[in-house]
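Here's the structure we're looking at; comments come further down.
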Amino acid sequence: MSEPIYARYRSAFAQALAKALNSPVEEVEPQVKPAEAAHGDLTFATFHLAKAQRKAPPAIASALASSVSVPGLEIVPAGPYVNARFALTPFTAEVIDAARAEGRSYGSAESGRGKTVVIDYSSPNIAKPIAYHHIRSTVIGHSLANLYRSQGYRVEGINYLGDWGKQFGLVAAGFEEYGDPSRKGDLAHLVEVYIKANDRAEREPAFDDRARDFFRRMEAGEAVALSFWREVRESSVRELEKIYARLGVRFEHYQGESLYQGKTEAVIEEIARTVGVKQSQGALIVDMPYAEGEPPVLLKKADGSTLYATRDLAAAIDRHQRFGFDRSLYVISTDQSLHCRQFFGVLERMGKEWADRLVHVNFGRVHGMSTRKGKIELLNDVLDEARNRALEKVKENILAGRIHTADPEGLAEQIGVGAIVFGDLKNRRITDYTFDWEDVLSMEGHSGPYLQYAHARACSILEKGRPPAGYEAGRLTLPEEQALVRTVARFPIAVREAVEQDEPSVVARHLLDVAAAFSRWYTLGNQDRSKRVLVEEDDSLRGARLALTDAVRATLASGLSLLGVATPEEM
RNA sequence: GCGCCCGUAGCUCAGCCGGACAGAGCAUCGGCCUUCUAAGCCGAGGGUCACAGGUUCGAGUCCUGUCGGGCGCGCCA
């Protein structure tokens with residue numbers, strides 16, 4: 001909750017340097033950087049001072065090092081650098097105590113206290129299946145919601161369902177041709193129908209017109225059309241909720257595009273008043289482009305029905321009125337960058353001073369999937385396969401007597417889903433990837449199960465020995481122990497960066513470092529019993545190691561929770 | 001054609017606001033179950049950081065151009 005230990009030392013070092021240099025700390029602080037492990041923990045390069053001081057960098061560094069002193073830091077010059085290393089004490093105890101005190105919320109902060117963030121995520125088009133690639137917006141948005149919440153923000157997560165638009169016309173027209181009336185509530189069947197209808201509409205303009213007309217009738221409020229829409233929407237939402245339950249995702253709001261039917265007229269009128277609108281080729285467009293050389297924003301089709309840009313504008317205005325957000329995130333695929341720039345731009349031209357609080361949190365595409373062509377993997381199927389694979393290993397471990405769970409299926413679900421979720425979050429958002437079964441189901445190396453396993457091992461050790469009330473952190477002198485303490489210390493920094501960049505992968509990557517450092521450490525005990533956590537005949541050492549193990553458990557549990565990955569205690 | 005994004009080991013990707021020798025996982029090869037659970041650990045090989053200029057004391061990182069790839073560019077969302 002307080003400032004991260006790591007950041008505290010960094011800023012103390014920066015202040016001492018600033019004082020010695022007689023420069024403002026704001027200038028020095030950005031120059032203090034994390035050092036490579038071999039050189040220490042923090043480093044300050046002196047090259048840029050050489051010209052002003054008319055001295056060689058190494059001379060500056062060594063003079064500086066001898067005039068700077070910070071309690072808890074060992075400061076030494078190394079060529080042109082001034083390096084600082086955290087002393088064994090009190091640093092080790094400070095880090096371990098902080099992690100243990102905060103437990104599963106280690107890394108939380110107050111920077112968002114009193115602020116509100118709206119996060120639009122998942123937001124699938126319904127009447128289409130929830131396919132594997134919908135995982136991206138869903139898990140990225142979910143993790144961002146957790147991350148912002150951890151920094152004290154009030155989070156309003158919105159599932160902005162694509163529940164209004166021509167796709168319903170396609171399903172309706174398709175249903176008349178290919179549908180089985182007894183399966184109107186069967187989403188899988190509707191998907192087949194959608195794919196056929198879409199294919200036909202591309203080849204046959206008359207069929208496309210039928211779809212378009214059906215949507216026009218929906219907007220006109222025709223009872224028959226709306227009743228079909230309602231039925232499809234409800235069965236879709238039911239299916240979606242099963243998936244969300246598996247992923248542990250809960251939205252503050254389900255507010256789809258349909259909510260804004262009937263509210264678009266007022267928005268169009270406001271645009272007309274502030275920016276201006278005009279007819280173009282029968283359609284209604286924003287008069288002034290939102291930017292030079294870019295295409296216009298369409299508000300209404302020639303037949304008078306609305307487009308999603310219109311509804312997005314209405315939704316943005318509505319959200320601002322209701323939540324008064326400080327930030328409003330749109331977790332949407334990068335292929336909609338233009339659309340986002342456009343409707344953000346229109347809001348700005350309308351004079352909405354809050355338009356610059358809207359952020360397109362874009363992410364790369366999953367290749368090898370197209371709903372239109374029917375080449376898709378359903379998310380449910382992928383999760384099932386992951387669970388099944390995990391279950392084999394769970395059964396194996398039960399048979400070998402390594403674990404004793406009463407609920408193998410539930411455990412396998414946690415592991416399988418964790419693999420899929422983490423597999424998506426470990427890469428930077430913007431990265432594209434091609435769907436590959438082996439890849440998404442991977443449970444070794446840099447994977448969710450790898451992290452869960454490290455966490456489970458920590459739990460298992462702590463089951464066999466409880467950390468004592470007091471312990472001597474100074475006993476943790478192994479290089480592997482010190483390396484581990486440092487990764488634990490940096491965790492809160494990673495959380496903060498993840499929020500600053502709207503990038504959950506920063507936390508994901510850092511957790512891999514924590515788990516790797518922990519695995520390396522506890523594996524030492526395989527060969528050398530004196531390096532076990534539960535070392536015999538040295539209560540003081542064992543106590544310190546247990547405390548460190550507990551800090552690691554807290555770090556992994558916190559990080560995995562922030563990512564939306566389960567933290568089983570054995571596996 | 002115009003706009004946005006990307007181009008780092010065989011494959012998938014990290015690389016912070018430019019700074020000390022370019023890292024990890026997978027795959028390959030070789031070790032470690034007399035293990036606090038081997039979903040683990042250790043070691044080896046493997047890279048002109050697409051290419052060419054520029055800025056800088058210093059560029060994988062910033063700027064320009066070229067090439068290659070992805071996406072987008074009016075009545076789908």
Side-chain angles (χ1 to χ4, degrees), chain A residues 30-31 33-36 38-39 43 45 47-48 50-51 57 78-81 83 123 125 128 162 164-167 169-170 198 201 208 211-212 215 257 280-285 291 293-303 305 307-309 311-312 333-339 341 362 364-365 367 372 390 393-394 396-397 400-403 415 419 426-428 430-434 436 438-439 442-450 452-454 456-457 460-461 463-465 493 497 501 505-506 509 512-513 516 519-520 522-527 529 532-535 549 570-571:
Chain A
Q31 302 290 329
K33 305 197 170 172
E36 292 179 30
H39 302 292
T43 188
F47 301 102
H48 62 288
K51 204 168 282 178
Y81 299 93
N83 294 332
S123 308
N125 288 325
K128 286 191 190 177
W164 199 248
K166 203 187 92 180
Q167 73 267 29
L170 280 167
N198 191 68
D208 194 48
R212 200 191 311 278
F215 175 54
E257 291 185 61
S280 169
Q281 298 165 35
L284 187 71
I285 68 171
E294 296 274 14
V297 178
L298 270 77
L299 298 172
K300 271 185 173 183
K301 305 178 211 173
D303 69 6
S305 60
L307 283 136
Y308 76 135
R311 298 189 285 275
D312 281 354
S333 168
T334 196
D335 54 13
Q336 290 198 46
S337 295
L338 176 60
H339 169 249
R341 287 208 309 277
N362 60 343
R365 294 166 52 88
H367 294 291
R372 298 186 156 211
K393 184 77 186 179
V394 166
E396 194 183 308
N397 282 352
R402 290 196 274 258
I403 59 175
I415 297 166
K426 74 179 174 191
N427 290 328
R428 295 194 80 88
I430 199 66
T431 309
D432 289 348
Y433 61 94
T434 301
D436 178 87
E438 290 313 311
D439 212 44
S442 163
M443 302 196 186
E444 288 174 2
H446 278 177
S447 71
Y450 175 76
Q452 292 175 317
Y453 181 73
R457 290 297 300 270
S460 165
I461 291 168
E463 196 65 31
K464 296 179 170 72
I493 305 289
E497 270 178 27
Q501 301 172 27
S505 69
V506 173
R509 298 268 165 193
L512 289 169
D513 287 346
S519 303
R520 210 170 291 135
Y522 77 67
T523 304
L524 294 174
N526 287 359
Q527 299 297 322
R529 298 185 77 86
R532 293 192 175 193
V533 176
L534 300 170
V535 60
T549 302
E570 61 171 8
M571 67 182 274

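Numbered from 1 within each chain, the chains take letters A, B, ... in sequence-line order. Below, all heavy atoms of this structure are taken into account, side chains as well, without hydrogens, waters or symmetry copies.
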Looking at every strand, decide which applies to [X] at a 4.0 Å heavy-atom threshold: base, sugar-phosphate, or nothing.
X	answer
Glu570(A)	base
Gln452(A)	nothing
Ser519(A)	sugar-phosphate
Ile430(A)	sugar-phosphate
Leu534(A)	base
Arg520(A)	sugar-phosphate
Arg509(A)	sugar-phosphate
Ala456(A)	base
Leu524(A)	nothing
Pro295(A)	sugar-phosphate
Gly79(A)	nothing
Tyr308(A)	base
Thr43(A)	base
Asp312(A)	nothing

From the options [options], select the nucleotide whose nearest atom is closest to the side chain of [X].
X	options	result
Asn397(A)	A77(B), C21(B), U37(B)	U37(B)
Thr431(A)	A20(B), C5(B), A14(B)	A14(B)
Gln167(A)	G74(B), A77(B), C13(B)	A77(B)
Arg529(A)	G19(B), U37(B), C36(B)	C36(B)
Arg212(A)	A77(B), C76(B), G40(B)	C76(B)
Arg341(A)	G74(B), G3(B), G19(B)	G3(B)

Which atom pair, heavy atoms only, marks the closest approach of [X] to [Y]?
X	Y	result
Pro30(A)	Lys33(A)	O-CE, 3.4 Å
Gln452(A)	Ile415(A)	OE1-CA, 3.5 Å
Arg365(A)	Asp432(A)	N-OD1, 2.8 Å

Given RNA chain B, 5'-ward residue of the pair Asn362(A) and Lys166(A), judged by closest heavy atom: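 Here Asn362(A) is the residue nearer the 5' end.
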Pairwise 5' ranking along RNA chain B for Met443(A) and Asp439(A), keeping only the more 5' one: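 By nearest-heavy-atom nucleotide position, the 5'-most residue is Asp439(A).
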Ring pair (Phe, Tyr, Trp, His ring centres under 6.0 Å) involving [X] - partner list, sequence neighbours excluded:
X	value
Tyr433(A)	none
Tyr453(A)	none
Tyr81(A)	Phe47(A)

Using only side-chain N and O atoms of [X], determine if any of them is under 4.0 Å from OP1 or OP2 of [N].
X	N	answer
Arg402(A)	U37(B)	no
Lys51(A)	C57(B)	yes
Lys464(A)	U37(B)	yes

Could you give the distance separating [M] and [N] at their [atom1] atoms, to the nearest angstrom?
N	M	atom1	answer
C32(B)	G69(B)	P	48 Å
A20(B)	G15(B)	P	15 Å
G65(B)	U28(B)	P	44 Å
G60(B)	A9(B)	C1'	14 Å
C62(B)	C5(B)	P	12 Å
C29(B)	C4(B)	C1'	44 Å
G19(B)	C36(B)	C1'	42 Å
C11(B)	C2(B)	C1'	34 Å

Just how far, in rounded Å, is [atom2] of [N] from [atom1] of [X]?
X	N	atom1	atom2	value
Glu444(A)	A24(B)	CD	C1'	16 Å
Arg428(A)	A14(B)	CZ	P	7 Å
Glu438(A)	C26(B)	CD	C1'	12 Å
Asn83(A)	G19(B)	CG	C1'	12 Å
Arg532(A)	C41(B)	CZ	C1'	14 Å
His446(A)	C11(B)	NE2	C1'	15 Å
Gln31(A)	C16(B)	CD	P	15 Å

Per-pair stack call Tyr81(A) and A20(B), 5.5 Å, 30°: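 Per 5.5 Å and 30° rule: yes, stacked.
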G19(B) pyrimidine/purine six-ring stacking with Phe47(A), under 5.5 Å and 30°: yes
Syn/anti label of G74(B) as read from its glycosidic torsion, with the cut at 90° from 0: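 Because its glycosidic torsion lies within 90° of 0, G74(B) adopts the syn conformation.
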Under 3.5 Å, N/O pairs linking protein and nucleotides 68-72 of chain B:
residue	atom	partner	partner atom	Å
G70(B)	O2'	Asp432(A)	OD2	3.4

Main-chain N/O of Gly525(A) paired with Arg532(A) side-chain donor or acceptor, under 3.5 Å: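 Side chain of Arg532(A) to backbone of Gly525(A), a donor-acceptor pair under 3.5 Å: yes, one is there.
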Each stem that RNA chain B is part of, given as range with range (3 or more consecutive Watson-Crick or G-U pairs, under 3.5 Å): B:1-7 with B:67-73, B:10-13 with B:23-26, B:28-32 with B:40-44, B:50-54 with B:62-66
Any donor-acceptor N/O pair under 3.5 Å between C41(B) base and Gln527(A) side chain: no
No-hydrogen, no-angle side-chain donor-acceptor test under 3.5 Å, Asn83(A) and Thr43(A): yes
Which residues share a side-chain contact (heavy atoms from CB on, under 4.5 Å) with Asp208(A), sequence neighbours left out: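 Asp208(A): side-chain contact (heavy atoms from CB on, under 4.5 Å) contacts with Lys166(A), Ala201(A), Arg212(A).
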